[in-house]
Structures are given as C-alpha cells and as structure tokens.
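Convention: sequence-line order gives letters A, B, ...; per-chain numbering from 1.
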Amino acid sequence: MADRYSFSLTTFSPSGKLVQIEYALNAVKQGVTTIGIKCDNGVVLATERKSNSTLIKNDTNTKVEYITPNIGMTYSGMGPDFRVLVDKARKLAQTNYKRIYNEYPPVKIMVQEIAKVMQESTQSGGIRPFGVSLLVGGYDDHNEKFRLYQVDPSGSYFPWKATAIGKTSNSAKTFLEKRWNENLQLEDAIHVALLALKESVDGELIGENLDIAVISDPQDQLLGFKGTTIEGPRFRKLTADEINDTLDSL
Amino acid sequence: MSDPFSLNGGAAIAMIGKDCIAIASDLRLGQQSLGVSNNFDKIVEINSKNFLALTGLATDVLTLKELIKFKTNLYKLREERDIEPSTLANLISSSLYEKRFGPWFISPIVGGLSKKDNKPFICGFDSIGCIDYSNDFIVSGTATDQLYGMCESLYEPNLNPEDLFETISQALLNAVDRDALSGWGAVVYIITKDKIVKRVLKTRQD
C-alpha cells in the first residue's frame with residue numbers, strides 16, 4: 001500500500017492555493033535576474049552567470065540555450081531543472097513537430113509544448129514542480145515576426161515586449177517600461193538589457209560574467225556549408241569580447 | 001487481379017499554370033470490371049487554396065480523406081492559420097510512412113498555392129509517403145501510363161487558368177478513355193489566388 005501515500009504533493013490548500021507552486025515561484029524569485037527584450041528586428045535574452053569562486057571555470061556554464069535554429073531559451077531559478085527542460089524542449093521540437101511537418105515549430109507552439117510539461121509536473125504524483133521561470137524568444141517564419149514568452153512553474157505563459165524574471169525583476173521591469181518603445185532596434189535592445197542587468201549584478205559587469213543571445217537575422221556562417229538557399233540559424237550567442245565592446249560604449 | 005491499387009479503379013492529375021494550379025479526377029468507383037458508382041469524388045478541399053486528390057483502394061481513399069481533414073482541422077485550431085501546401089505535403093508524407101509495413105493502398109496528389117506569394121505547388125506520393133515534387137504535372141491512379149502520355153504531349157508551361165483547364169481536361173478525358181477502370185465522369189478544380197472554379201465534365205458512360 002506504499003502507493004497510497006504517493007499522491008501529488010501539489011494538493012489544493014483550503015484557501016484555494018497550490019502552495020507548492022507558490023514555493024516554486026519563490027525559488028524563481030531567488031534566482032539570478034534574467035532579461036528578455038523583443039524589438040522589430042530581433043529578440044535579446046540576457047542573464048548573469050554567477051560564480052562564487054575565482055577558481056571556477058566560468059565560460060563552460062551556459063544559461064541561454066539553443067532550442068531550434070530560430071528559438072532560444074533562458075531561465076531564472078534552479079539550473080538543473082532548466083537543463084531538464086532544455087532537453088525536453090529540444091526533443092519535443094523534433095518529435096512533435098519537425099518529424100511531422102518537416103519544419104520547426106513556431107514560438108507559440110514551442111512554448112505551449114514546454115508549458116504542457118511544466119503543467120503536468122503540478123498534477124502528477126511523486127514529483128515536484130519545476131523551480132524555474134523561462135524566457136523563450138524566437139522568430140516565426142509564417143508571419144515573419146519575433147516573439148518573446150515567459151513560462152512559469154504552474155505552466156502559465158505570457159507574451160511580452162520586454163520583461164525580467166528573478167531576484168530584481170520588479171525594479172528591472174520598471175526600468176524596461178521606461179526604456180522600451182515601438183521603434184527600438186536590436187542594438188538598442190542589447191544596450192537596454194545590459195543597463196537593466198547592471199542594477200542587479202553584484203560583481204564586476206564584464207562579458208565573461210554575462211550570458212547573452214540574440215535571435216535576429218539568419219546567420220549563414222553558422223550553417224557549416226555554402227551554396228544552398230537554406231537560411232542559417234537566427235539564434236546566436238554573443239562572445240565575451242562582443243559584450244565587452246558594447247559595455248565600453250555604455 | 002488482386003492488386004488493391006487497381007481493385008476500384010480511378011485516376012487523378014494536377015498541373016501547374018501561370019499563378020494557378022488545376023487538380024482533377026475521374027468519378028468512377030468499381031469492383032474490378034463492374035462499375036458501381038459514377039459519383040465517387042476523389043478530391044478534397046483542405047482549405048481555400050489547397051486540394052488533395054486520392055486514388056487507389058476506395059476504402060482507404062475514404063479513410064484518408066477523413067484522416068487528413070481531421071489533421072488539418074486540428075492544425076488550423078492550433079496554429080490559427082491555414083496549412084501551407086508544402087507543410088500539408090510533409091504531413092501527408094509522415095502520415096503515410098507511419099504505416100510503412102502495412103500501408104494505405106493509395107497514391108495521393110497535393111495541389112495548392114502558398115499563402116504568402118501564391119506560388120503554385122503540386123506533388124505526388126507513393127503509398128509509403130515518398131514525395132514526388134514537380135513543377136509541371138503529377139498523375140496517379142490506374143490510368144497513370146495513359147495520363148503521362150497525354151501530359152507529355154499536351155502540357156506547356158505558364159498557361160493561364162482557362163487554357164490550363166482545357167489542357168488538364170483533355171489530358172484526363174483522353175487518358176481515362178483508354179483505361180477500362182477509370183472514367184464515368186470527371187471533375188476539375190482550377191485554383192487561382194482569388195477564386196476556385198469547379199467544373200464537372202460529362203464523359204462517355206461505357
């Protein structure tokens with residue numbers, strides 16, 4: 001009868017709350033601040049990679065990940081949970097979409113697939129919800145538009161023009177409200193993202209301590225071959241040098 | 001004799017014109033040499049710009065019509081837009097390959113115009129989903145050999161919708177008259193960017 005006690009930990013409290021989900025959101029609130037900004041010609045996903053020791057080799061720790069050639073994802077909260085979701089998202093993009101339609105999913109469909117995984121972890125027995133909020137940015141081929149979504153541990157998702165999650169998300173969002181406008185360009189968006197991060201970064205604000213990706217124009221040089229009409233991936237990580245150059249011009 | 005592809009008979013064809021496509025099929029349903037119906041439509045309208053024609057075993061034709069309609073309706077609900085012809089082709093391909101070792105006994109044809117620039121698209125498939133892309137014409141069914149003969153001699157590129165209708169009709173009509181298992185009427189769809197014209201053709205009934 002051991003399975004009698006293995007029901008879901010996320011049971012409604014008498015007041016109608018699912019406290020486990022609220023605790024998961026608290027885990028996110030303690031996480032490193034992460035910024036997402038969408039503009040006409042791209043999306044920026046930016047976060048800090050914190051290291052509490054100078055002995056750590058920091059540049060192997062990636063926090064903004066490639067999901068499909070046109071979709072990237074980052075997080076605030078628990079790193080290990082994020083890596084599980086990255087693996088699942090990549091696989092879902094293939095099995096539930098590319099292998100059926102021979103094209104990659106639009107951002108909304110990808111977000112719905114990820115949200116489904118996160119929702120199921122709030123209603124299944126023997127497991128806990130994911131301790132992360134995600135920012136998913138990407139480009140839709142069918143309407144030629146960029147998209148930015150946030151996905152929460154409950155499985156809710158929201159489309160944003162610009163947003164922040166994690167420790168200083170409230171002040172960062174206030175900052176973004178002032179800085180975001182309809183004719184923001186990608187270069188400005190990277191600037192704004194760095195300025196927003198500047199407020200939350202405790203240590204030195206240098207390229208080596210930041211993880212930034214942009215989804216913008218097709219990067220044909222990343223394709224690995226030439227002479228076809230196939231577009232390169234739009235997802236591109238910024239190098240530490242590129243970030244430092246931008247920081248110098250702040 | 002017991003080939004499921006030629007049990008019920010039938011023929012279908014698609015052609016590309018200038019900013020338009022045509023897709024057509026006969027209307028016969030038979031049990032080997034015995035004619036059963038002269039009103040067996042083998043073409044489905046997937047949406048206002050995309051059409052699917054199915055020849056082969058009639059029971060599978062009916063099942064696949066419903067299956068693809070179901071899948072494209074679900075696609076429209078999920079994506080909030082109509083499916084593109086090339087996407088539809090890949091959906092059909094993967095649906096057919098799912099049954100790799102016990103296939104549907106059908107040879108589908110897809111014809112449509114892309115949403116963005118109304119670029120004509122046609123393609124055919126074998127019964128396990130290999131896509132046969134084409135930029136002129138695609139044929140399928142028991143009159144395949146005859147249809148190829150007619151298309152090779154009648155087809156020319158960049159026909160306007162009226163001339164394309166004439167070409168595809170003559171190709172189909174004269175092909176099915178040389179096939180005992182096809183004919184008994186025909187239906188032709190001409191798809192242009194702003195309208196679809198359906199014409200039912202009268203043919204000899206013997």
Can you list the residues of residues 58-79 of chain B that sit under 4.5 Å from chain A, counting heavy atoms only? B/Y75, B/R78, B/E79
If you count every heavy atom of other residues, nucleotides or ligands that lies below 6.0 Å from A/F158 atom CZ, does the total exceed 12? yes
Let me check something: any side-chain donor-acceptor pairs from residues 184-196 of chain B under 3.5 Å, sequence neighbours excluded? List them with distances.
from, atom 1, to, atom 2, distance (Å)
B/T192, OG1, B/K195, N, 3.4
B/T192, OG1, B/K195, O, 2.9

State, with a plain yes or no, whether a side-chain heavy atom of B/E80 is found less than 4.5 Å away from one of A/P106. no
So which pairs with a foot in residues 113-137 of chain A pass ring-ring contact (aromatic ring centres under 6.0 Å, His included), sequence neighbours left out? none
Taking atom CZ of B/R81 as the centre, does the number of heavy atoms from other residues, nucleotides or ligands within less than 6.0 Å exceed 12? yes
Using heavy atoms and a sub-4.5 Å threshold, report which of residues 84-114 of chain B line up against chain A, by residue number. B/T87, B/N90, B/L91, B/S94
Roughly how far, to the nearest 0.5 Å, is the CG atom of A/D141 from the NZ atom of B/K116? 6.5 Å
For A/K29, does the NZ atom have more than 12 heavy-atom neighbours from other residues, nucleotides or ligands under 6.0 Å away? yes
Under 4.5 Å from any heavy atom of chain B, what part of A/I109 do you find: side chain, backbone, both or neither? side chain
Is the NZ atom of A/K98 crowded by more than 12 outside heavy atoms at less than 6.0 Å? yes
